[in-house]
Amino acid sequence: MTDRSSASTSATHDIVIVGGGHNGLTAAAYLARAGKSVILLERLDEVGGAAVSAQAFSGVEARLSRYSYLVSLLPKRIISDLGLDIRLARRRYSSYTPVPGDADGAGLLIDNTDAAATEASFARIGAADDAASFDALYESTGELARSLWPTVTEPLLTRSEAKALVGDDELWQALIEDPIGEFIQQRLQNDLVRGVVATDALIGTFASLADPGLSQNRCFLYHVIGQGTGEWDVPIGGMGAVTGELHRVAREAGARIVTGAEVTRIDPDGTVEYRRNGHDRRVEGAHVLANVAPEVLDALLGEPAEPPRPKAEGAQVKVNLLLERLPRLRDAAIDPKAAFGGTFHINETFTQLEDAYAGMTRGVMPELLPCEIYCHTLADPSILDPDLAASGAQTITVFGLHTPDRWLTDENNDATRQRLQDAVLASLNSVLAEPIEDLLLTDADGRLCIETKTTRDLEQALNMPGGNIFHGPLSWPFAEDDEPLDTPARRWGVATQHPRILMCGSGARRGGAVSGLGGHNAAMAVLEG
């Protein structure tokens, strides 16, 4: 059971963890298993943060991965070290992408098990010459991934060391030094095929593919590096099953987990003040691990970061739907189970992605919003009540790109949420043979089973500044050559301005996505010190 008893204001611990998302739980498990006294303080009534499953629709027994939804970056080392009972399903189909506006509804279906069928699909959309180039491109990214992936659970390499490890200067230049759009355009000719690759650079990232700041490159790297393959898997039981296991092992190791505890102040000396059940309380730790966004940590410390940090800004809208069945496609030759069995790209050609970015920098929403779909229940129907699953019902999640938080306010959020939801459904309907609205189930109160989460919703619910799903701009998984690595916290990429305060969330170096890396690396820095 989660500990909801009162905490003594005079209690001291080896470790105080602020925030009970999956990274905080990971750190708690490692450190408690190492014999440290650990207390974890979570603001919400349940742990898990963005990595949770929830019954989103009243009276409907469907537990959706409400926020984060796929797993690629959780290292097998963490699963093994902590003895996590986690099952991940590999999807047969990589992606399906209809050609926007094609009269016959033709689309590109990439089948991980049937190379001949995939080659024929490239030919059908007029991209036969790109079939081999597409494979070669991902062999190149795989080369980078196989080199760098084993390093993410080790102390940071320098840039020069990482480059030497990759051992391919041309590839390094293309993926790390130059805007990723150049690499994609040089390797591929078809606009749609280019877009299939480009989306991995833009999930939750508001940038042009030609941006010299390279935020799109860092996003791309994290999307193709996982497990050394770049495969993204479905967590059996939903994302809540992942954090449920982390919660279990942390608790069984002796970590004290206190929910409903809102931290109000952190002092560099290790004192943490929080409010629970209407009472102000305080704990002290030899180390404080911050499983919150860097901007939130700055506020809790009551001081600005040095040097000043870039403002966190999310750029996505997420729509969860529960359907009576999968929708029919315009191309009747494609089984919807195949199309929805991987990532279903909608209006995400390279040109559409760039045009959407350019328009939204001016506040102009594209006529057809770039989106992509994931269907959990095709790989894992266990998140549905057995009767609901037997009826043929399916969940789909639509992730809309290039919707920056800068256009939302607390006052316009409701209206903007509806506008974004309408834009997502219109984009989806542009490639289907029937309106998606006609397939929506209703909840116990007669409402349609559709839930939309804006960046502002994420900020309000999860305390993520700007609704940024990575807690802030992603970093390279290595240190710069002139960066001091003279302390354990710096070597592990979890240092703050104060030696007793460590980052342990997605805002840590190599953080982002459901990986546990922020928690693992903060724990390793504590144990090394």
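Every heavy atom of this structure was used, including side-chain atoms; hydrogens, water molecules and symmetry mates were not. As the structure is a computational prediction, the values presented were derived from the model and not from experiment.
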Contacts satisfying ring pair (Phe, Tyr, Trp, His ring centres under 6.0 Å) that involve residues 317-339 (not counting sequence neighbours) are none
So ring pair (Phe, Tyr, Trp, His ring centres under 6.0 Å) across residues 427-468, not counting sequence neighbours, yields none
One should read off an interatomic distance between Lys318 NZ and Thr397 OG1, to the nearest 0.5 angstrom, of 4.0 Å
Residues 289-297, side-chain donor-acceptor partners within the protein, below 3.5 Å, at least two apart:
| unit_1 | atom_1 | unit_2 | atom_2 | d |
| --- | --- | --- | --- | --- |
| Asn291 | ND2 | Gly19 | O | 3.2 |
| Glu295 | OE2 | Ala312 | N | 2.7 |

Results of salt bridge (Lys or Arg N to Asp or Glu O under 4.0 Å) for [X] - residues two or more places apart only:
X      : value
Arg509 : Glu483
Arg456 : Asp405, Asp410
Asp445 : Arg447
Glu324 : none

Can you list the residues that meet the side chain to side chain donor-acceptor pair (under 3.5 Å) rule with [X], with sequence neighbours excluded?
X      : value
Ser427 : Asn347
Ser94  : none
Ser382 : Asp380
Arg77  : Thr153, Glu154

Here the side chain to side chain donor-acceptor pair (under 3.5 Å) pairs for residues 20-39, sequence neighbours left out, are Asp14-Ser37, Tyr30-Asp81
